[in-house]
Amino acid sequence: MYDPILSKSFSRHERKRFGFIALILCLVFALSICSTSFKNPLHPLSLIGDGVDLDLSINDAEDMILEDDHKSKYSSEPIVNNDSNFQASIGINENLVLIVNTSTAISQQTAVNYTNLPISTTTSETGENVLVVNDTNNVNIPRPQDIETKKVEPICRVQETMADYCEMEGDIRVQPNSTTIYLVTPPSNTPNPTNSWTMQPYPRKGNPYVKHWTVKRVSDGDGDRDGDIPTCTQNHTHPAIIFSLGGFSGNYFHDFADLITPLYSTSYRFKREVHFLASDHKSFWVAKFQGLLNKLTMHEIVAIDTEKEVHCYDKLVAGLIYNQELIIKPVLKQSNEPSMENFRRLLRRTFSLERKSAIRLKARDGTRPRLMIITRKRTRILTNEGEVSSLARKLGFEVVLAEATSSSNMSRFAQVVNSCDVLVGIHGAGLTNMVFLPDNAVLIQIVPLGGIDGFAKLDFGSPSADMNIKYLDYKIRAEESSLSEKYAKDHPVLRDPFSFHRNGWESLKTVYLDNQNVTIDVHRFRGTLAKALKLLRH
């Protein structure tokens with residue numbers, strides 16, 4: 001528009017010169033804006049470099065984005081060229097936007113192949129230029145939260161109870177004559193912090209009667225430093241569990257606490273389709289528990305130490321899942337996982353135990369609950385067993401006396417225990433028969449002198465809750481112990497039992513477990529039996 005003020009202030013020639021200056025300023029301003037727009041060197045289509053055509057189309061860019069033969073189509077790994085000036089990374093945002101950042105041209109041999117996918121360009125909220133895959137209906141592109149760096153997990157670990165436990169899957173070869181388990185893996189550049197473990201396949205670590213095994217992770221291409229990887233001579237389709245029958249096996253308590261319940265916990269998921277490889281094999285032990293073992297595996301127990309073959313598996317567990325004495329800890333507390341409830345159900349099926357629940361007493365109905373006293377003949381003898389039996393009968397119990405010996409017919413003894421509502425016994429392996437009691441039965445543990453309350457609680461008191469069994473204990477006084485007849489009242493044996501604890505297990509065992517008998521004060525014990533009756537009523 002013509003301005004009369006300018007007309008009066010400047011000549012026609014001056015006004016023309018100002019117009020040219022204004023035009024030049026506008027052009028400079030416009031060029032500045034354009035320069036800012038193309039300033040970002042990370043634009044995927046501004047592939048600036050020596051000898052690179054700047055007028056690339058979308059199709060040209062797609063043709064340059066080719067995949068190495070050894071890369072997966074949608075790899076989440078960083079793509080790095082040997083050229084130090086080249087580096088590209090690929091990420092996927094929440095809207096499945098493919099972001100490609102480059103500092104120079106993308107090499108045709110090292111980039112990801114998105115050929116034949118509709119691609120366009122856009123600008124993110126942060127001002128970053130991106131390539132957009134417009135149609136992802138048939139494209140399985142991982143999101144960032146689904147992409148994790150794969151860690152090499154150790155094969156072996158130590159459980160919280162200090163028990164060794166190894167679990168492996170793949171090409172597994174068991175060579176008995178070298179007590180070595182090989183896990184053969186393909187050649188890999190992934191660093192393995194540990195490739196060899198020495199372990200004992202028994203819940204109580206450090207036992208001198210348990211053989212050590214070596215677990216080795218070896219590469220298929222490199223062989224083994226100590227010799228060639230053994231060749232399979234027997235291949236198996238079912239997995240295997242290696243465990244030891246050494247340690248304290250043969251003691252009835254340890255048979256269940258260290259072997260039977262851990263074997264059940266470890267093998268449960270395999271539904272009997274599993275091989276049991278027994279190191280430190282004991283034929284008498286297998287014979288005694290054969291009926292129960294048949295419920296855990298469909299295969300014969302293998303004495304692995306004496307085998308000459310190299311046994312090969314796709315999955316193997318060395319060691320046993322061990323929580324605590326006679327305790328099975330379910331992970332998710334679901335019906336389809338190992339638990340003490342499911343274990344006791346298995347025992348009822350195995351030994352044909354008829355009773356699931358104990359008697360529930362009702363007032364004046366004349367029903368007599370059944371009480372079993374576990375008798376002992378060698379150590380920790382109940383010297384006035386007759387008096388205790390007579391007291392129990394007067395209170396309304398039907399009394400059964402039975403000795404749990406290793407030569408007993410376990411199935412028959414389990415049925416007798418299952419027929420009872422109350423089980424009474426001095427602390428010892430015989431109380432392990434509590435596993436056969438019906439639900440809501442009562443266990444009464446007589447705890448000898450010697451400060452062994454903690455052991456008594458750990459071995460039988462704590463497990464009773466998961467077995468749905470009511471628990472009572474009767475802690476004897478000094479005058480009820482035979483030790484009071486051997487030692488003066490101020491002797492450390494009676495006055496300071498924990499001084500023997502400090503001397504070690506053998507000292508404690510010798511004094512308080514191997515050389516102590518019990519004479520119960522029946523007047524005092526009457527109150528414990530009355531509590532048992534009350535529990536049966538509720």
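When every heavy atom of Asp255 is checked against every heavy atom of Lys288, the shortest pair comes out as OD2-NZ, 4.4 Å. Of all heavy-atom pairs spanning Pro176 and Asp305, the tightest one is CB-O, 4.4 Å.
By the 4.0 Å N-to-carboxylate-O rule, Asp439 lies close enough to Arg344 to be salt-bridged with it. Ion pairing between Asp521 and Arg477 fails under the 4.0 Å rule for side-chain N and carboxylate O. Checked for salt-bridge contact, Lys315 and Glu167 meet the test: a charged N lies under 4.0 Å from a carboxylate O. Salt bridge status for Glu325 with Arg204: present, with a side-chain N to carboxylate O gap under 4.0 Å. Ion pair Asp171/Arg173 flagged as a salt bridge, since at least one NZ, NE, NH1 or NH2 atom sits closer than 4.0 Å to an Asp/Glu carboxylate oxygen.
With Asp421 contributing its side chain and Ile359 its backbone, the two residues share a donor-acceptor pair below 3.5 Å. A donor-acceptor pair under 3.5 Å links the side-chain atoms of Asn517 to the main chain of Ile381, judged by distance alone. Without hydrogens or angle criteria, Glu479 side chain to Ser484 main chain gives no donor-acceptor distance under 3.5 Å. Side chain of Thr297 to backbone of Asn294: no donor-acceptor contact under 3.5 angstrom is found. Within the 3.5 Å criterion, the main-chain N or O of Phe436 finds a donor-acceptor partner in the side chain of Asn418. At least one donor-acceptor pair closer than 3.5 Å links the side chain of Ser419 to the backbone N or O of Val416. Within the 3.5 Å criterion, the main-chain N or O of Gly386 finds no donor-acceptor partner in the side chain of Ser390. With hydrogens and angles ignored, the 3.5 Å screen pairs a side-chain donor or acceptor of Asn384 with a backbone N or O of Ile520.
In summary, the side chains of Lys211 and Thr179 do not present any donor paired with an acceptor at a separation below 3.5 Å, with no hydrogens or angles considered. For the residue pair Lys308 / Asn177, no side-chain donor-acceptor distance below 3.5 Å is found, with atom types taken as modelled. For the residue pair Thr180/Thr214, the side-chain donor-acceptor check at 3.5 Å is not satisfied. Side chain to side chain, Arg217 and Thr185 fail the donor-acceptor criterion of an N or O pair below 3.5 Å.
Leu533 has its side chain within reach of Pro369: a pair of non-hydrogen atoms, C-beta onward, lies under 4.5 Å apart. No side-chain heavy atom of Pro239 sits less than 4.5 Å from a side-chain heavy atom of Val317. In this structure the side chain of Asp514 reaches within 4.5 angstrom of the side chain of Lys509, judged on heavy atoms. Residues Asp466 and Ile327 form a side-chain contact, since some pair of their non-hydrogen atoms from C-beta on lies under 4.5 Å apart. In this structure, the side chains of Leu508 and Phe455 come closer than 4.5 Å at one or more pairs of heavy atoms. Contact of the Leu292 side chain with the Leu263 side chain is not registered, since no non-hydrogen atoms from C-beta on lie closer than 4.5 Å. The shortest side-chain heavy-atom distance between Glu387 and Leu391 does not fall under the 4.5 Å cut-off. Taking 4.5 Å as the limit, every side-chain heavy atom of Ser464 sits out of range of all side-chain heavy atoms of Lys470.
Within 6.0 Å of OH on Tyr209 lie no more than 12 heavy atoms contributed by other residues, nucleotides or ligands. More than 12 heavy atoms of other residues, nucleotides or ligands shown are found within 6.0 angstrom of CZ on Arg355. Surrounding CD of Glu300 are at most 12 heavy atoms belonging to other residues, nucleotides or ligands under 6.0 Å away. Heavy atoms from other residues, nucleotides or ligands lying under 6.0 Å from CZ of Arg269 number more than 12. Within 6.0 Å of NZ on Lys205 lie more than 12 heavy atoms contributed by other residues, nucleotides or ligands.
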Verdict with supporting geometry, Lys216 and Asn195, side chain to side chain donor-acceptor pair (under 3.5 Å): CA-CA 6 Å; Lys216 285 188 176 182; Asn195 287 310; over 6 Å; no

Residues Tyr182, Val310; criterion side chain to side chain contact (heavy atoms under 4.5 Å, CB included); working and verdict: CA-CA 10 Å; Tyr182 293 87; Val310 175; over 6 Å; no

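Taking the ring centroids of Phe460 and Tyr471, they lie at or beyond the 6.0 Å cut-off. A distance of 6.0 Å or more separates the ring centres of Phe270 and His238. Residues Phe413 and Phe351 place their aromatic rings such that the two centres sit no closer than 6.0 Å.
To the nearest 0.5 Å, the span separating CD1 on Ile260 from CG on Leu326 amounts to 11.0 Å. Remark: Glu309 CD to Gln175 CD distance equals 12.0 Å, nearest 0.5 Å. Of the inter-residue distances, the one linking Thr510 atom OG1 with Asn515 atom CG reads 7.0 Å to the nearest 0.5 angstrom. Atom OG1 of residue Thr519 and atom CD of residue Glu480 lie 8.5 Å apart, to the nearest 0.5 angstrom. Once rounded to the nearest 0.5 Å, the distance linking OG1 of Thr367 with CZ of Arg360 reads 13.0 Å. Of the inter-residue distances, the one linking Tyr474 atom OH with Lys531 atom NZ reads 11.0 Å to the nearest 0.5 angstrom.
Ring orientation note: the planes of Tyr313 and His311 are close to parallel, at an angle under 30° on the 30°/60° scale. The aromatic rings of Tyr264 and Tyr268 lie perpendicular to each other, with more than 60° between the two planes, well past the 30° mark. A tilted orientation is assigned to the rings of Phe248 and His254, their planes being inclined by 30° to 60°. Ring-plane geometry between Tyr512 and Phe500 is classed as perpendicular, the angle between the planes exceeding 60 degrees on a 0 to 90 degree scale with a lower cut at 30.
Partner of Asp280 under the side-chain contact (heavy atoms from CB on, under 4.5 Å) criterion, chosen from Val210, Ile304, Asn207: Val210.
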